[in-house]
S.K.: 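One structure coming up, written as structure tokens, with questions to follow.
Just so it is clear: chains get the letters A, B, ... in the order the sequence lines come, proteins before strands, and each one is counted from 1.
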Amino acid sequence: MKGASVLPAVVGGVVFVVLALLTSDASVLPALLMVAAVVQGLYAIAAAAHLAEGRWILPARKTILSLHPLLLLLPIAFLAYSKNISVYSWTEHPTFWLSPVFFIARNVVMLLITWGLAFGFSRAALCGSERASMLAVLYAFAFVFNQSFIAFDWVMSFDYPWISTLFGGYFFIEAMFLGLATLSFLGMRLMAQGKAERGKTFMDTSTFLFGWSLLWAGQLFAQFLVIWYGNIPEEQLFLVRRIVDSPLRQMAVCIPLFLFVIPFTTLLSRAAKASNVVMTVIATLVFIGVFIERLLFIIPVAHMNAIVVVLALAALGGPFGYVLKQGVDEEEVTAGPV
Amino acid sequence: MSSPRAYFEKLEIDVLAAMGKPSIGYLIALAVSATCFVVGMGLWGYQMLFGMGVAGIRHPVGWGVYITDFVFWVGIAHSGTLISAVLFLFRAKFRSRFNRSAEAMTIFAVMTAGLFPLIHLGRSWFAYWLFPYPNQRELWVNFRSPLVWDVFAVSTYLTVSAVFFFVGLVPDLAVVRGRAEGIRKKIYAAFSLGWIGSAKQWIHYNQLYIFLAALATPLVISVHSVVSWDFAMSIVPGWHTTIFAPYFVAGAIFSGTAMVLTLMIPMRKILKLEDHINIGHFESLAKILLFTSLIVGYAYAVEFALAFYSGHTFEIAHFTYRLLGDYWALYALMVFSNVLLPLALFVKKLRRNIPFLFVLSIFVNIGMWLERFVIIVTSLSKEYDPYSWGTYVPSMVEVGITIGSFGLFFTLFLIFTKVLPVLAITEVKETAL
Amino acid sequence: MSDTNRRWEFEDEHEFLEKLKELVDQGTPTERLDVITPIPVPATEEILKMKRSPLRFFTLAGALTGLSLGFAFTIFTVMDWPIITGGKPLVSLPPFLIIAFALTILLGSLASFAGFLILGKMPSISKIQNPIEHENMFIIMLEDEAAQ
Amino acid sequence: MKRRDFVKFLGVTPGALAGSGSLADAQERLFENLLRPKQQDPADMWVVHQTTCTECPAGCGVLVKGREGRPVKLEGDPDHPINRGGLCMRGQASLGRLYHQERLREPLARGADGSWEPISWNAALDRISNALVESRGGSRNVYLSSRTTGSLAQLLDEFAASLNVERLPDLELFSYGALREAYDVLFGRREVPAYHVEEADLLVTVGADLFESFISPVRFARHVSEGLEHHLDWYHLEPQLTMTGTNAGHRIHLHAGSEQWLLAYLLKSAQPRSPLPARVLDAVPDVTIEQAFARTGVTPEQLQGLVAAWDAAEHPLVIAGGVSTAHAGGLPTALLAGLLQESSGAIGNLVDFGEAENYDSVGTPGELVDRVVDLASANVGVCFLSRLHTLAPVAGLQEVAGSAVLTVGLTDFLYPPTEACDLLLPISHSLESWGDVETYRGLTSVVRPAFTPLFDTVAEGDILLHLMAAPGNWEDYVARQWQAAGADVEEQPFLERPTRPVSTRLRAAPTADRLASSWTPDTLEEPVLAFSPSVRFFDGRSQVISLLNEIPDPLTAVSYGWALSISEDDAMMQSVEEGHVVQVSALGSEDFFPVRVHPAFDFAVLSLGMEHAATAALPIDANTGELIRCIGGVELGRVRDSAVLTVLSGSMDASGRGVLPNDVHHPPGVEAHEPGHEPRRLYPTPEHETYRWAMAIDLDKCTGCSACVAACYVENNISIAGPDEHRKGREMSWIRIQPYLDGDRPIEFMPVMCQQCGNAPCETVCPVYATYHNPDGLNAQVYNRCVGTRYCANNCPYKARRFNWFAGQRPEPMDLLVNPDVSVRPKGVMEKCTFCVQRIREAKDHAKDEDRIVLDGEFTTACAQSCPSGAIVFGNLLDENSEVYRWAHSENVHRILEGLGTEPAVYYLRQDNRGDTGHE
């Protein structure tokens, strides 16, 4: 099973690196952001479930815990991308925090640490040792800081010196949002393969998605309101560029729609929470919504090539999907309902 | 274990015993708290008579201890609904040991908090102008002002918490009714609304309780977000920052949980409820404490780091001042109590050590009060224009009124322990099986 | 003796449930059966084939009213007397959303509570005056037809 | 502003007094005839009288704006030749003297136990008459007053002659002894000439504090700012920092007492335009640049620069004065300055004896000391002390006054001299009585009563006339004087007589001799104690006015109490800290002074406000008879304890904060927000239809004199907070002069008031709409809607909002000093600058009646109106022809904290690096 997951990872990684080296703009960034978010997010959920002794993750546990090779892929991919670091305007006037070397170094180190802890946690958890809990906690720390720095460094620093202190938190909330959506997919596949029967815990995943959409909306509003109300030109410029000037501005409306309005309203009903169709749609919308948002962050401030964006996404997303599929297929029938 | 009924009976007896004749110690405590409250109100009167100037607040520090107290008490109010609603949704069993007192605490804390916006007004006697009604010239309030949001958020919070509290009480009031005599029986009967526990009642009751919990949860989040926006909506460096909403919510839950510990640990002893509340239950609270303290710590770190990350003159100047300026000692104590000390909870031994938890909870209460004070005062005392810089020192009036607010809170809580069952009897029964 | 006005009391939940099931299986009309329990026993709902409580419609109605009222109210006031503050647009939806949210929760919960009282027929004067105490017993009551 | 449009004069029919009639009913009759504005004008009508300010000898013309029979505001008279509309803070605040609670309200006589007891006017005057009669038996009567000119001087002489009273030379702390002595030596004219700085292209001032107290500060401020228009180059050399110094393009610090060396060097090194007699030149020691540097501490570069500028200039003008002529080297300094004026051909035009100040009757403290010595032996009968706030400078005077048979004080306050008095006659304020002032040759201005006296007070003139038993009253007397001059005192606010050019010839012999004899080779030993001119208290006489204590000193930002200002280095060397209360050796007295450590002050100079000189017995310069204001070799004594100074400035360092129009900090690669350019926003800034009231302030012209602050206080009924509140930072001023340290000048002054933002952060946060954006672009404040959350103040980045921590105190009769157009704010509400909305409303109503919009310059705010240097313009930004539009769209315009996007309506103008070398 390891080999099965390592190989595609390597392939995808190579393709991605090549793409990154060929391009000189930010085209590969969205893919990098997405995969970093979803994989780290899934692990975060696994860790949380482990600590909370949440039973609801059990069926897909193995699958998730076998994702760590993809986490190792991230530092490599990031290094390749950082060849195009000049897409950040601050590189013309580096500061202490924003100097290319420090920038690249700290991110690579953090990605490696995150991978290491995820690896350790997977090992410990699967062989059920005590150290798992401790590693889970450490991973949670790593996850939070890593996603925060991904937010601040990879995305926010495009609009230097604009800052939003919640940006980091917003990112790891979204990462877990994606994680939950993935979990929902896994649950459905497991049920489809008859390896688990519909039960309370699938509902729980849906309920979590429901709650998360509200939480996410809160995070979004908390940032928007402060900037909208403060009316400080430098801050408003960030929003103006994206929702007033951006070529994608019409699509901006999709973000709250896909990530909050639709999930929240539909999942109000208990029936929807149990329905495969609904959950498939919702989980997909979450993925699309987050991806659009990532694009929207970058488009006004850095050039991207549509084809490369898609190819890069395939290069990293492909292995990810494959590994999950493999994992689920190799899961043996679990005791108890999902 | 013996038959469930035996346990039920014992539980009822134990809990209702707590509502029996007040001890001398109780009466003294009540007298002291009441006195503090009365003195505090007296000082408020004095302030209204002579003017706001008797407080220490000054130009440019327009807000001081009063707003600090407001935020502090609203924060305290938060654990109640959190423990009740959120944990209910998460089906966390240990909640049943705390939800009753926590909810009571919520209500009393909100009432206390509600006083401070009035106290800090230059013209308290016109406080009603903040309520949404048209004056003679049909001028309404300014719904764009965070202070009006406060009015809505806090009053909603009080109402919903009260409803939630009462609904949870109904079956227990019926229990008390069953064991009470004479006039007390009649009163409890009336308040239990004729609850008998028939299936037809339970089915609606369960629905109601879930919905109230589901509505209260986002409310908890929103209320303290709104409170945080009192600051974040401004353009004051140190206030105007996006992380405030989640940061304050976490802080609120943090301080609220600490207050639950502060109250429950002695209460458990005094009311002899050791059989029903065990160390495991406290450990669960300790975990919440640890979790929220980590979030708070994260917020401290991010605020600080990004100030320097951005290179903004004002941000850098402000956070340097917060760290090294006139109030450095308070800031240091705050970081110690809210971030460093709680890290000890990673150690299971300490998580389960009740004296330690008690001491810790006191530190956290102090630390969280200081957090609000530091945020409010340091930000205002050195703002944009250096000509208008100045440091603030609270006056005795402010100190007195603050003590008075504790007086009010404890008076109400002490009365509560005597008139209502401090444990959610029915739910404890439910979870005991 | 006939099956009218029978009353069974159990100390144990399971015995109670079994008896209840038995009664229902015997074909006792569920509307004549009533149970009183010191704690909620979800199982009874299934046995008695009770319908899911319509309380949620109260909640929904209340919440929606609150939401719309919140926006209508705030927008009306700024239109009624337009006053510019801080260069913000007259109809400033982001702030108004906060008011609307608060009212949604407020009316939502109040409506739910009202729904509870109405559906549960509370407060009930008769039950207040002479309540039935379960005394921690699981009770089954069978009313006679006359009571219908 | 057309004064004639609205000026209304008092119609007073001269009430002929029966010669015998008692003074009391003379008063009655006189004021019955004064019209009572209440009856003749509706209460909402301003009644404006033209008169002359007597707060200091400068004699500026003022318009007294009265309502309901009481004056509530003074404004500079736009037509008056001295101030042309400007008025200094002392003038603005002088109403505070009129309405002062502690003003004498009735005649007082010293009781047996030494306490004051009321006495009737007639009784009091009879006592004096009797004493005068008794004094015929050989004892001498003396009359001492502060500077007296015009009709009163005339009357005093008659009085002295008719009642055998010796009139002593008038006592002034600023007697210009050195200058008058020097001009006497040089040209035989013992006078203070007029200095026409507006006609010079290079101005070199040596210690002359043009903007604080030197001759006529308001006029100098106007002339210098006119000079700046045509690029007047200005070198100011002084031992200790003054407000004037901070305004000079080149401010050069030199060692106290070394001025003569610098001037000698300049005289010798510059090319003379009209060569001086060899004999005179020989008397001037040759000073090499090294010597000059060694003596003065002025670097060779600076010296050469100065000489170069002097040679290059067409009309250079040097003025010595202030502290630089008030020490042992004072006379040679003044002499050399005179010689430079002579050699540069300034005498006769730039230095004009034709319009010399009228100081005829004023003696120096030195002269007075001689008289006292002579009087000490004689026995004094009646001793009159009129309008004196101190006798301290003249040793022994207090004793002489005390030993007199009857000492009569004519005064409005219980100033220290009254301790020597047996009888006190409360004299009317100049707004309550007739009179005139001859400021300089060729200009006499009327002092005209604006309303009936508040208390039982009488004009000095009437007292004298009564004692002389002369017919007619003081008003008639003044009128007669004016008729004699062919003018009508009723009609003319002032009388300008053509002045004959005065021919002067340099008197070589005495000049040379005096130079040689008075030359002092040694400069003062450092550290030096200097008595700085005080823009707030003049020579201390104005310190009784509470408002002037409330407004901080522009240099030190200290409001209440004396403070000894020292540089940071001195503080370090003397190991004292701010607030330490120390003793100063030189003064010997038991006085202790709290220390104000000030980065901008010069090393080895300790400065103390001139108002302190009014109480300390300072040494007197033998050459000139002038008070010594620079004392060498002082030491700080022990630190007694520590005090909290009432410093209103939180910090003077605004570097990189975008407050001052200097570089606003932006992170690298981020371009500054360019002025006037509207940034992209999520929602637009409000538009305005007809008016967008705005203000523009030229920081190059602003001298920091704080006249605007005083004007604002009086116009807007701002309450006085007092020292204790000031220590808590709770001042109430709506406009403040913020002093900033900034490489450009020693101190930058920045007037800051509510910026009336287009996107005002304060407005949105108010829950009750107590503040909002009105259609004219004003940030309106509705006092009676305010509940006092203070949120607005927290959120105002300019901190322009003031909260009423307590109910404002207005001790009777100060309660009469209220502008009825402006509500008095109750406790617990927020208040702030409204751009004088009451004036805006008045102007708009007026325009509406004539069915037009308000014209530019039709009215202006109190601060702009009062500004002596015309640094503030106010108007409608939407009117493209308006002055404010021109200013706001000129170069180097800046708005405070522009990066916040608040779109303020106050524009600040400043040339970058004005004065290339900045302060040396």
S.K.: Among all residues two or more places apart in sequence or in another chain, which pass the side chain to side chain donor-acceptor pair (under 3.5 Å) test with D/Q838?
M.R.: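 In terms of side chain to side chain donor-acceptor pair (under 3.5 Å), with neighbours along the sequence ignored, D/Q838 is linked to D/E715, D/N716.
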S.K.: Sort by residue number and list every member of residues 771-798 of chain D having a non-hydrogen atom under 4.5 Å from chain C.
M.R.: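 Within residues 771-798 of chain D, near chain C: D/T771, D/Y772, D/H773.
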S.K.: Taking 4.5 Å as the heavy-atom cut-off, does anything in residues 67-89 of chain C contact chain D, and if so which residues?
M.R.: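 At a heavy-atom separation under 4.5 Å, chain D is reached by C/V78, C/I83, C/I84, C/T85, C/G86, C/G87, C/K88, C/P89.
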S.K.: Can you establish whether the number of heavy atoms outside C/E46 located under 6.0 Å from its atom CD is more than 12?
M.R.: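 Result for CD/C/E46: enclosed.
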S.K.: Considering only residues two or more places apart or on different chains, which pairs with a residue in residues 119-129 of chain C satisfy side chain to side chain donor-acceptor pair (under 3.5 Å)?
M.R.: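 Listed once each, the pairs are C/S124-C/S126.
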